[in-house]
Amino acid sequence: MSDLKTKPTDSSVDDFLSGVHDEEKRADCFAILELMKKVTGDQPRMWGASMVGFGSYHYKYDSGREGDWFITGFAPRKKELSVYIMSGFKRCDDLMQKLGKYRTGKSCLYLKRLRDVDVGILRELVEQSVAHMRSIYE
């Protein structure tokens, strides 16, 4: 079984985010960074070369595959910001209707710009996800 390639590193989160070329996206990243610091109480850590994660948990699937992953985090991508809501979105329908402009994957919330969403609702999503993940893994 292959190892997960994305692991925590000692790279500087501030240096990474300061290198985001688009000025608005860089500002959005620092705003999300502060939001997640407050919600989690954890310090950010680089996971791989391009993801900022907070906290961690160890998972083990029935298949035997296991590893470590962050409880919540985000990544500036070329077109969008990826915000990792690890608990998914099924239990958050009411919040999702109030959020603003976004799209989702299984546990990824994709935002073009932070100004397109209600940051208070985003914070609630992160809070609920972190609480859910901690209730399972801590």
Side-chain angles (χ1 to χ4, degrees):
M1 194 173 302
S2 63
D3 280 344
L4 189 61
K5 293 178 183 170
T6 305
K7 296 181 180 180
T9 73
D10 291 327
S11 298
S12 167
V13 171
D14 285 342
D15 288 351
F16 169 67
L17 295 179
S18 294
V20 172
H21 295 295
D22 180 273
E23 189 174 329
E24 183 177 16
K25 187 176 285 181
R26 184 172 52 249
D28 288 351
C29 287
F30 279 105
I32 293 171
L33 180 78
E34 290 307 312
L35 181 151
M36 289 186 172
K37 277 184 189 178
K38 288 176 184 169
V39 168
T40 65
D42 294 327
Q43 288 301 307
R45 190 155 189 202
M46 290 301 301
W47 284 69
S50 63
M51 290 189 250
V52 178
F54 293 81
S56 67
Y57 66 97
H58 186 79
Y59 63 86
K60 186 172 184 177
Y61 296 135
D62 291 339
S63 66
R65 183 178 178 97
E66 62 183 295
D68 296 298
W69 201 247
F70 47 81
I71 295 218
T72 194
F74 69 98
R77 302 294 185 206
K78 187 174 182 175
K79 291 184 178 185
E80 301 163 307
L81 291 167
S82 296
V83 179
Y84 300 101
I85 306 294
M86 303 312 293
S87 61
F89 304 101
K90 289 182 181 177
R91 58 181 58 81
C92 304
D93 286 340
D94 56 329
L95 291 174
M96 300 305 287
Q97 291 177 20
K98 301 174 193 173
L99 182 59
K101 292 169 67 175
Y102 67 89
R103 67 184 185 88
T104 61
K106 185 175 180 180
S107 58
C108 290
L109 178 65
Y110 300 103
L111 310 174
K112 288 200 181 268
R113 292 173 295 278
L114 202 51
R115 65 183 153 107
D116 291 339
V117 299
D118 182 319
V119 176
I121 299 295
L122 177 62
R123 181 185 175 117
E124 285 185 57
L125 285 167
V126 173
E127 287 172 346
Q128 286 186 18
S129 178
V130 168
H132 177 76
M133 295 303 290
R134 286 183 173 159
S135 74
I136 295 171
Y137 292 102
E138 289 187 352

- Message: Checking Tyr84 against Phe54 for the side chain to side chain contact (heavy atoms under 4.5 Å, CB included) test, could you report, in this order, the C-alpha distance in whole Å, the side-chain angles of both residues, the deciding distance, and whether it holds?
- Response: CA-CA 10 Å; Tyr84 300 101; Phe54 293 81; over 6 Å; no
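- Taking all atoms of both residues into account, the shortest heavy-atom contact from Arg77 to Ser50 is NH1-OG, 2.9 Å.
- Within the 4.5 Å cutoff, the side chain of Leu109 has heavy atoms near those of the Leu99 side chain.
- Annotation: the span from Asp68 atom CG to Thr6 atom OG1 amounts to 12.5 Å, rounded to 0.5 Å.
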- For Val52 and Met36, run side chain to side chain contact (heavy atoms under 4.5 Å, CB included): C-alpha distance rounded to whole Å, both residues' side-chain angles, the deciding distance at 0.1 Å, then the answer. CA-CA 10 Å; Val52 178; Met36 289 186 172; over 6 Å; no
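- Note that CD1 of Ile85 is 12.0 Å distant from NE2 of His132, once rounded to the nearest 0.5 Å.
- Minimum heavy-atom separation, Ser11 to Met46: O-CG, 3.5 Å.
- Considering only heavy atoms from C-beta on, Trp69 comes within 4.5 Å of Met51 through its side chain.
- Nearest heavy atom pair, residue Arg26 against residue Ser18, reads CD-O, 3.6 Å.
- Sorted pairs that involve residues 86-129 and meet ring-ring contact (aromatic ring centres under 6.0 Å, His included), not counting sequence neighbours, are lacking altogether.
- Between Thr40 and Thr72 the shortest side-chain heavy-atom distance falls below 4.5 Å.
- Side-chain contact between Pro76 and Leu81 is present, with at least one heavy-atom pair separated by less than 4.5 Å.
- Placement of Val130 and Val13 within a single hydrophobic cluster is found when ILVMFWY residues are connected by side-chain heavy-atom separations under 4.5 Å, directly or transitively.
- With rounding to the nearest 0.5 angstrom, the CZ atom of Phe16 is 11.0 Å from the CG atom of Leu33.
- Applying the salt bridge (charged side-chain N to carboxylate O under 4.0 Å, His left out) definition to pairs two or more places apart or across chains, those involving residues 30-40 are Glu34-Lys37.
- Remark: Lys25 NZ to Leu114 CG distance equals 12.0 Å, nearest 0.5 Å.
- Exactly one residue among Arg113, Arg115, Lys112 makes a side-chain hydrogen bond (donor to acceptor under 3.5 Å, both in side chains) with Glu24. That residue is Arg115.
- Annotation: the span from Glu23 atom CD to Asp28 atom CG amounts to 11.0 Å, rounded to 0.5 Å.
- Residues passing the ring-ring contact (aromatic ring centres under 6.0 Å, His included) test with Phe30: none are found, sequence neighbours excluded.
- When side chains are defined from C-beta on, Phe70 does not count as touching Ser56, because their heavy atoms never get closer than 4.5 Å.
- Using a 4.5 Å heavy-atom threshold, the side chains of Tyr59 and Ile136 count as separate.
- Under the salt bridge (charged side-chain N to carboxylate O under 4.0 Å, His left out) criterion, Asp10 pairs with Arg45, not counting sequence neighbours.
- Within the 3.5 Å criterion, the main-chain N or O of Met133 finds no donor-acceptor partner in the side chain of Ser87.
- To the nearest 0.5 Å, atoms CZ (Arg134) and CD1 (Ile71) are separated by 5.0 Å.
- In this view, His21 satisfies the side-chain contact (heavy atoms from CB on, under 4.5 Å) rule with no residue, not counting sequence neighbours.
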Would you mind writing out the side-chain donor-acceptor pairs for residues 119-127 within the sub-3.5 Å range, not counting sequence neighbours?
{"unit_1": "Arg123", "atom_1": "NE", "unit_2": "Glu127", "atom_2": "OE2", "d": "2.8"}

- Message: Evaluate Val83 against Leu111 for side chain to side chain contact (heavy atoms under 4.5 Å, CB included), listing each step before the verdict.
- Response: CA-CA 8 Å; Val83 179; Leu111 310 174; 4.0 Å; yes
